[in-house]
4 protein chains.
Amino acid sequence: MRWMRRGHSGFARRIGYNPKEVLKYFTSGESHGEALVAFLSGLPAGLEVSLEFVNRELWRRQQGYGRGGRMKIERDTAHILSGVRHGRTIASPIAVLLENRDWKNWQEQLPVEQGDAKLHKRVASPRPGHADLAGALKYNFPEARYVLERASARESAARVAIGALAKVMLRELDIEVLSHVVAVGGANVEHEVPWEKIQASCSREEVLLNCAEPEAEKRMKEEVDKVLRTGDSVGGVFEVVAHSVPPGLGTYVQWDERLDSGFRSA
Amino acid sequence: MRWMRRGHSGFARRIGYNPKEVLKYFTSGESHGEALVAFLSGLPAGLEVSLEFVNRELWRRQQGYGRGGRMKIERDTAHILSGVRHGRTIASPIAVLLENRDWKNWQEQLPVEQGDAKLHKRVASPRPGHADLAGALKYNFPEARYVLERASARESAARVAIGALAKVMLRELDIEVLSHVVAVGGANVEHEVPWEKIQASCSREEVLLNCAEPEAEKRMKEEVDKVLRTGDSVGGVFEVVAHSVPPGLGTYVQWDERLDSGFRSA
Amino acid sequence: MRWMRRGHSGFARRIGYNPKEVLKYFTSGESHGEALVAFLSGLPAGLEVSLEFVNRELWRRQQGYGRGGRMKIERDTAHILSGVRHGRTIASPIAVLLENRDWKNWQEQLPVEQGDAKLHKRVASPRPGHADLAGALKYNFPEARYVLERASARESAARVAIGALAKVMLRELDIEVLSHVVAVGGANVEHEVPWEKIQASCSREEVLLNCAEPEAEKRMKEEVDKVLRTGDSVGGVFEVVAHSVPPGLGTYVQWDERLDSGFRSA
Amino acid sequence: MRWMRRGHSGFARRIGYNPKEVLKYFTSGESHGEALVAFLSGLPAGLEVSLEFVNRELWRRQQGYGRGGRMKIERDTAHILSGVRHGRTIASPIAVLLENRDWKNWQEQLPVEQGDAKLHKRVASPRPGHADLAGALKYNFPEARYVLERASARESAARVAIGALAKVMLRELDIEVLSHVVAVGGANVEHEVPWEKIQASCSREEVLLNCAEPEAEKRMKEEVDKVLRTGDSVGGVFEVVAHSVPPGLGTYVQWDERLDSGFRSA
């Protein structure tokens, strides 16, 4: 019987431990606060960290067809505070600071210190489909400002920085993780897209709407144009593809150790 | 501003802690081993545990339209080893033993002790879509027997016992969690089903295919009949509905504390 | 510069992952319940499990100079329910059942079901220095019976079974962990005891008081004799020694990843 | 039977959850890097945060009889980046930046970017009793600079900031946690020190050696003076006292839920 190979143990040997168990990440920061901080612990020592790569990932997050004005205000750049020296990881936890360029306009409305209560910009109408109402109920806030400061798309910038650092490790193992858009409103990619096309799409200099099939992308843009005219929004679907992953990640032995059980924070 | 209510703090007050953080559960046991053990820690003391209720949940798991022969062999009954006294939880961890009635036929083929290697029933052809191949690669097994012993639907019996005990706590808070089938193959429930109909369906004495809409259930059974004739199987969808849950469970403040981030084991 | 060696990565390579992160264990069971269950998850597949070794460890726990009558009632034997087949681990979680032989005398006083409340043996005087009072306050029990059922030395039998299984893994790595008594009351071992003497002491057939220095052991027994006469008890100290551990276990990079930060359950 | 009170459930009611389970904290930052970041998640919303109090705690950490020159360089001040608005917690994770004032002298020797390798200050002699050797072995560093950058007393500044924020929550519950020195070398505090004396000692404006008994403190200073003359160091013992803690924190039901099992990170 020769169909069994030692795929996983070879994988484990190369990285020395099970990354699912060891990587921890957290983010902090509010939408109009001074900065976000991305926190990542558990990367092995010696990985080469290219700031250019991390910043390109941050830039790609800021693209998007039909996106609003704020994206133009800020071009995020990763300010690494710890865990990297001489261009390489040193095993210590990594903290990345992402400044909010808009903060200067909010310092008086949302200060860390007590400040002037009259300047506070209340959000008295909770937005449907957002965390506003549930969050205010949970934390007993009289209105939703503090909720939307944290339950905000801005937070995802910190996750992108963390994801970029995780990709630095995966690259050492020849694993690549990419994503692309497969549906916007009624416009779909009909067939499975080959890996090479996804790679090509992700490396474009202009990634307004990262669909790997130009025809479908054109139809998707039309869907966005349509709702933009009416002030509405439209849903979409994207696909994440991990390439050259060894078999045997995760396990069936316990419910919380499955690959699809969600990464565990600790 | 009167739309803010203290829903969550009232909820927390009644149970004294955040159940997401405190409940831990694990299962052990193989498909043809002596027994499964369901392990649950973190229930508060003083909850009334009805064995009849736990056993009815186990019985419901064993129903199913078109299910195979094994379900007839075993009528699971929960054998509580710890954590319950005088019919109530005592805060100690609960262990529930679920005997495998089929075990007596497997004692020699799959003994805990070394036994006779010639009696081992190898599984040399990994089943597509199962954990067989990846599991054997991961753990370096020369064939897949040990994988399918654990990566088995049998394990779900232990989860049902745990779920029944969790429902005991939720009932104290007037929260009820039920599920029903909304699609089998091409047969769907077209509209949202009212809570009362789901309750009625779940309390039926015969739950061969727990769809709350009789017409749709009839079509679903036809889908099963069709594939049974050809020896094939057919996919389905079920919906889980939690009733009278207070707002504010989970939180937006960190990725791993969201309600939909997966329960954490610890 | 030659003082740097690759100790840790060699260690990690041999076991394929970081055991601190992956091993999980829990126990359940009360002192006068039907059984304890020891639960251990995360052992790699293929480790040879000697029941004789596990049972010897359980037997050693039951020895002790001056110990009371219960130890004579029960000679624990590990009843492995899952996770071991053909004498080897199969990566699935291991559950070990340890029956309480005394249970037959307690079935009516402490039943899982409601039973007869009049037979309940209340513990109305909380013992000083035990969990009795704090436990009853915490869980709102009107007396301490349920507390002492769980906060009991009996629970340590389940930990010994788990420890024995952990030693099975460590042995594969040539790591041995032993312990010995270094002080009882005023009687001390004055000097560091060589490894070989500790090994010899632990392998004795009679381990009533496992001190590796015969002279000191004699004085320790006299300390026990003295308090036995007055119905008192006496404190002691034991030392745990891990032999041939590679450097670099644990880490300084975060407070909760230190070797001495306590094993984490998950 | 009236000795049972509902201490714990009252405690839980006031804070709405079990703090042991919910608080998470981490630190990042190296000794000669740009800054430390303290990260704390899980504080309830609405707690008043006094920067003055946090900064006083940081100042107290920097005191010490016989301490070296670096303490004079830096007077730490907490720069709160997130999680606090209008002087109160808002339930979001808190990040506190602590700048390393010494960084300007190290930017070229220890840059985040590749920099000039010739400027690197190697630490080729691992210090005995420190993490230097084990750390370099573990992470495969050719010398110990990166180890001592993280395995450094400087990191404790971030923990002090976190501890100060935790005290903010405890104060709401009328719980106070203080510490004081009870031994330095051969100089001991002989008796238990009353709470009021510890409070008085901790509130002194000069806390060079925070012993609550003036006579003992004088002898302790002499111990320090003695070793200072020879360039040696001397060990000490301090005691942490938590005042007005309700009974029933932690639990006996599982090994990793005990109060003394170490805080769990998640």
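Chain naming here is simple, since letters A, B, ... match the order of the sequence lines and numbering starts at 1 in each.
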Is [Y] close to [X] at the side-chain level, that is, under 4.5 Å between some pair of heavy atoms?
X: C:V37; Y: B:L97; value: no
X: B:H79; Y: C:E34; value: yes
X: C:F26; Y: B:S41; value: no
X: B:R150; Y: C:P93; value: yes
X: B:V112; Y: C:R85; value: yes

Test side-chain contact (heavy atoms from CB on, under 4.5 Å) applied to C:S92 and B:E149, step by step: CA-CA 9 Å; C:S92 301; B:E149 282 296 315; over 6 Å; no
C:E113-B:H86 side chain donor-acceptor pair, cut-off 3.5 Å: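 Per modelled atom types, C:E113 and B:H86 side chains form no pair under 3.5 Å.
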Minimal non-hydrogen separation, C:A95 against B:S28, with atom names: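 Heavy atoms of C:A95 and B:S28 come nearest at CB-OG, 3.2 Å.
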Which portion of B:Q109 sits near chain C, non-hydrogen atoms under 4.5 angstrom: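 Backbone only.
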Chain C contact via B:I90 - side chain, backbone, both or neither, heavy atoms under 4.5 Å: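 Looking at B:I90, backbone and side chain both touch chain C.
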Greater than 12 external heavy atoms within 6.0 Å of B:Q107's CD: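 Yes, enclosed.
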Within 6.0 Å of CD in C:E48, more than 12 heavy atoms from elsewhere: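 Counting other residues, nucleotides and ligands, CD of C:E48 stays at 12 neighbours or fewer.
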B:E30 side-chain N/O to C:G83 backbone N/O, donor-acceptor pair under 3.5 Å: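 Flag set: sc B:E30 to bb C:G83 pair under 3.5 Å.
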Spacing of B:N100 atom CG and C:L81 atom CG [to the nearest 0.5 Å]: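 It is 10.0 Å, given to the nearest 0.5 Å.
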